J.: 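This is the structure I have questions about; it appears just below.
Throughout, protein chains are lettered first and strands after them, A, B, ... in sequence-line order, and every chain is numbered starting at 1. From a predicted model like this one, the values you see are computed outputs, not experimental measurements.
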4 protein chains.
Amino acid sequence: MSRLTAEANGVFVISVTPFHENGAIDFDSLDRVTDFYLEKGATGITVLGMMGEAPKLTQAEAREIVARVIKRAGGKPVVAGVSAPGLAAISELSSAVMDMGAAGVMIAPPSSLRTDDQIAGYYAQACQAAGDGVPVVLQDFPLSTGVQISNATLGRIIEDNDQIVMLKHEDWPGLAKISALRKAESEGRRRISILCGNGALFLPEEMGRGADGAMTGFGYPEMMAEVVALAGNGEMDRAQDLFDAYLPLVRYEQQPGLGLAVRKHVLARRGAIASAALRKPGAGLQPAAIAEVERLIERQTKKLKELK
Amino acid sequence: MSRLTAEANGVFVISVTPFHENGAIDFDSLDRVTDFYLEKGATGITVLGMMGEAPKLTQAEAREIVARVIKRAGGKPVVAGVSAPGLAAISELSSAVMDMGAAGVMIAPPSSLRTDDQIAGYYAQACQAAGDGVPVVLQDFPLSTGVQISNATLGRIIEDNDQIVMLKHEDWPGLAKISALRKAESEGRRRISILCGNGALFLPEEMGRGADGAMTGFGYPEMMAEVVALAGNGEMDRAQDLFDAYLPLVRYEQQPGLGLAVRKHVLARRGAIASAALRKPGAGLQPAAIAEVERLIERQTKKLKELK
Amino acid sequence: MSRLTAEANGVFVISVTPFHENGAIDFDSLDRVTDFYLEKGATGITVLGMMGEAPKLTQAEAREIVARVIKRAGGKPVVAGVSAPGLAAISELSSAVMDMGAAGVMIAPPSSLRTDDQIAGYYAQACQAAGDGVPVVLQDFPLSTGVQISNATLGRIIEDNDQIVMLKHEDWPGLAKISALRKAESEGRRRISILCGNGALFLPEEMGRGADGAMTGFGYPEMMAEVVALAGNGEMDRAQDLFDAYLPLVRYEQQPGLGLAVRKHVLARRGAIASAALRKPGAGLQPAAIAEVERLIERQTKKLKELK
Amino acid sequence: MSRLTAEANGVFVISVTPFHENGAIDFDSLDRVTDFYLEKGATGITVLGMMGEAPKLTQAEAREIVARVIKRAGGKPVVAGVSAPGLAAISELSSAVMDMGAAGVMIAPPSSLRTDDQIAGYYAQACQAAGDGVPVVLQDFPLSTGVQISNATLGRIIEDNDQIVMLKHEDWPGLAKISALRKAESEGRRRISILCGNGALFLPEEMGRGADGAMTGFGYPEMMAEVVALAGNGEMDRAQDLFDAYLPLVRYEQQPGLGLAVRKHVLARRGAIASAALRKPGAGLQPAAIAEVERLIERQTKKLKELK
């Protein structure tokens with residue numbers, strides 16, 4: 001099974017975890033949504049992310065999900081989130097998923113970290129816990145973690161830990177961070193892959209700054225695949241036209257807390273999963289929200305037709 | 001001078017504070033941007049908000065700004081932010097601005113509040129500090145304050161404090177909160193005005209849920225005025241079409257931290273203020289960001305032409 | 001195996017987890033420290049607490065520790081911390097430890113909770129996750145969790161969830177909360193056990209307010225047992241005299257972050273565990289700190305002699 | 001009027017602000033408590049600290065207090081807290097108090113700072129705002145500010161800003177930070193004064209690590225003066241004996257939130273201020289707490305007699 005490298009690009013969709021109405025994992029839907037993501041242009045899949053309801057799973061469930069998606073993805077790279085409060089849990093889960101054939105693991109910093117040294121020290125320990133040579137994705141998401149990683153500290157972490165081959169970039173605002181990374185690389189620092197998050201809300205600009213693609217979720221992952229492809233061909237205007245058509249829904253799906261219910265509603269509506277249910281304590285969409293989503297989708301469909 | 005009531009509607013633009021390059025307040029530009037806001041359709045103006053760089057001002061400066069804007073606004077209602085760590089400072093500033101002819105004051109909760117009782121207790125004390133009968137706008141902005149006000153607690157605060165005539169709504173996600181407020185009012189609770197924030201990122205949906213307008217900033221305030229007007233006429237599709245044309249820039253201006261520099265750049269570009277300078281420690285836009293903004297404006301202009 | 005009830009009292013020591021220098025769990029020392037706690041007067045033991053380095057353990061290790069301590073404790077009640085980001089993990093661990101014979105489980109609120117309803121809702125779900133009829137200890141520790149539970153909300157949780165039989169009280173300042181709880185009980189609310197935390201820093205006053213004992217750690221657990229016993233006999237002055245003799249060290253051991261290293265140093269020095277090692281990323285005591293601890297112990301020994 | 005230097009030592013008491021029952025400042029009591037502090041051995045006084053209820057004052061009141069205390073202190077150095085959300089407010093207040101004859105100003109970091117560069121950058125700007133050559137006390141109090149300053153960053157700030165002549169040390173645990181500072185100075189970095197906070201809870205150990213004294217409050221400031229003097233003479237055992245006699249009350253007064261009410265109760269009881277009233281929203285002590293304080297004072301008095 002191929003391992004993640006610093007050359008990785010395209011779209012790694014953050015997969016949802018489908019549940020039955022009773023809260024049990026719906027493995028048939030997990031197969032179906034895996035197929036769906038790949039059909040819509042994903043170059044890889046990331047499981048056990050925050051939007052995959054990872055903290056709501058037991059460890060046994062988490063492993064079953066990773067195994068199932070790897071099997072179904074048929075050789076496409078699968079990254080597994082292994083963030084945990086302690087290094088032993090990271091080590092255990094990382095070892096398990098790499099044995100199953102994962103392409104790498106993703107680690108966000110625990111929210112207790114504050115100083116630059118604490119952050120850098122943490123990633124040295126986390127890389128060791130992930131396992132010798134295991135490719136690591138650094139998830140930089142201050143809005144959620146409360147941890148701010150400066151350009152200098154990020155550079156130091158990259159230089160000190162060869163295992164870190166990718167940045168899941170979702171600092172916000174973070175466009176300048178992409179530019180700073182690419183500038184440092186042009187001056188000699190080793191290259192890493194930059195895949196962007198934040199529900200793709202800034203994807204055209206991020207591609208313009210030198211990102212390699214996206215690692216996030218959205219009910220219409222084909223948008224991300226097409227924007228990344230068009231940007232890769234230098235067709236920035238067409239990329240932006242397409243993006244703009246989806247933007248009202250991207251924005252709506254980006255609402256903290258509510259966003260995942262929107263995404264699952266869209267995926268269920270598109271037949272990619274059987275039920276939009278979230279595992280407790282998550283709640284589904286209220287009728288007024290569903291009506292808003294439906295209206296946005298209708299308008300989006302119309303705009304997409306006009307683009308062709 | 002008219003005072004704010006629970007019937008207020010339209011767009012209260014959160015005014016920027018223009019500075020010279022050396023950090024001094026640019027009062028000529030303050031006059032000009034006040035005119036600009038009103039010409040573009042504002043029904044009122046809010047000064048000393050978070051996006052008005054209020055914490056960077058001395059108290060003397062803060063008062064001068066309020067006086068100047070009230071004078072220039074020619075009778076249009078001016079709301080002043082008076083949030084402060086202590087009640088004495090709130091009382092002092094509120095008394096001063098009401099004497100100058102402000103229409104009301106806006107108060108956000110201090111970030112130390114946690115329990116429902118603490119929040120409700122705080123607003124009872126803050127209303128008293130604001131002064132007997134002074135109209136108060138409750139700013140509900142958890143992303144910035146860290147304080148979450150439940151529907152029940154918000155209802156209790158409204159019932160206990162007649163002075164609170166308006167909600168500056170920027171909970172996120174907050175659409176359901178608007179619906180809950182309106183439902184409670186339909187069942188007998190007294191009505192308050194709801195003006196929405198968050199840079200207008202959800203304005204069409206917020207109007208659809210029953211909001212009375214917007215109280216936020218954006219480099220093109222005419223968008224907010226037109227969307228609110230169209231929504232008021234029930235022309236939701238036209239409102240959304242217009243909104244969508246501006247959305248790429250709305251989104252770009254909504255980046256935490258960076259957003260104000262974008263807004264000031266746009267306002268300076270449009271001639272509403274002389275300089276895009278932020279008072280220290282704020283920083284201006286880098287060239288790459290300026291290029292992105294220019295590109296978005298160019299595309300926006302084109303889309304707006306197509307709409308006509 | 002006996003289950004925890006609302007009549008529980010005495011001292012439930014929060015057990016350390018002994019490690020070898022290489023980071024492996026030292027099960028022989030775990031046996032020894034279990035014996036030590038019971039010999040020094042503990043009426044029960046709590047494992048997998050924050051000071052038990054629980055987040056640094058794998059789930060398999062966590063279960064092994066619970067099983068080992070239950071076996072060694074010879075019928076004395078053992079409470080297991082099962083706090084986790086998700087309900088599924090709570091359910092899984094709770095079910096496992098209760099099967100092993102635990103007396104109950106302890107649950108702290110996740111730091112994302114803010115409003116009263118969120119907190120009350122969480123405990124309803126958490127009790128269900130813990131399992132039907134499983135005795136639950138509510139850990140109220142705002143300094144660590146950031147979650148503030150008002151007296152009213154605490155009362156509502158107690159009334160709504162019969163499973164909650166005990167409060168691990170470490171709000172700070174929290175003496176008034178004990179008084180409020182006991183007052184509500186005197187007026188008819190069902191009784192719960194109150195065992196106090198915070199490293200016993202306020203134990204005499206807490207007993208005076210109506211607490212039933214302590215659930216915390218300290219290198220000299222006999223102090224807690226004796227203070228609780230003396231207070232139970234109404235000998236408050238003798239209780240305080242004894243407490244005062246230990247207070248300089250209690251205070252030193254209460255330093256956030258550093259405290260556990262102090263505690264393990266003392267336990268190792270007393271022969272209760274083989275090594276003072278913390279699992280990474282924890283660090284041991286520096287020589288200057290060891291000298292300070294030694295000096296405090298020497299003075300403490302002298303004072304205790306004078307007391308007799 | 002003398003200015004603060006890096007050689008400062010002894011005890012700078014953090015002064016309370018006395019209020020009448022109706023919330024007005026009690027200037028007679030302010031004079032009296034200033035005398036009291038100096039009679040009890042203070043070498044200086046710090047006003048407008050967090051425990052001086054500074055955020056509850058208007059700016060005019062704040063200035064009046066500084067002027068009054070400077071006048072009454074008769075040449076003893078007075079430090080004024082000037083922390084504020086913005087640099088302009090710091091500049092304005094710093095300029096005002098230095099004109100009145102203050103010995104220096106104290107600045108804590110705003111809680112928004114995270115990365116090392118942000119913290120270092122802030123102090124460069126804050127020193128400039130304080131005014132050219134104005135002596136600055138850096139208040140390092142992570143428990144309250146949420147800002148963690150590493151040893152390396154603290155060193156960088158000291159090296160970059162000659163104005164910083166003193167550290168108000170209340171990191172917790174922070175003993176190692178004192179040792180690290182003194183070590184760097186022994187290796188060539190310029191010396192700064194270290195006065196310790198945290199209600200003197202670790203004063204003997206702090207003096208042992210090389211601190212120059214205390215800058216904090218306690219109802220019996222003579223304890224701090226005597227402990228600092230004894231430690232200065234190398235009489236560490238007598239220092240600790242004295243400290244231990246006061247420790248039960250030190251601990252009780254250290255309760256977050258409640259502590260100031262305890263301190264004011266003690267000061268009122270000792271005749272240093274007329275009323276223990278806190279300005280709203282602060283609350284006074286409940287009867288049960290008063291009884292606890294009285295009991296601690298009675299025991300303390302007895303122990304002090306035994307020491308002689």
J.: Shorter than 4.5 Å, heavy atoms on both sides: which option in D:A89, D:P55, D:A54 has the most such pairs with chain B?
T.: D:P55

J.: Non-hydrogen contacts under 4.5 angstrom with chain D: give the residues of residues 120-139 of chain B involved, or none if there are none.
T.: B:Q125, B:Q128

J.: Considering all heavy atoms of both residues, which atom of B:A88 and which atom of D:K56 are nearest to each other, and what is their separation?
T.: CB-O, 2.9 Å

J.: Can you list the residues of residues 274-282 of chain B that sit under 4.5 Å from chain D, counting heavy atoms only?
T.: B:R279, B:K280, B:P281

J.: Check each atom of D:E92 against the heavy atoms of chain B and say whether the ones under 4.5 Å are side chain, backbone, both or neither.
T.: side chain

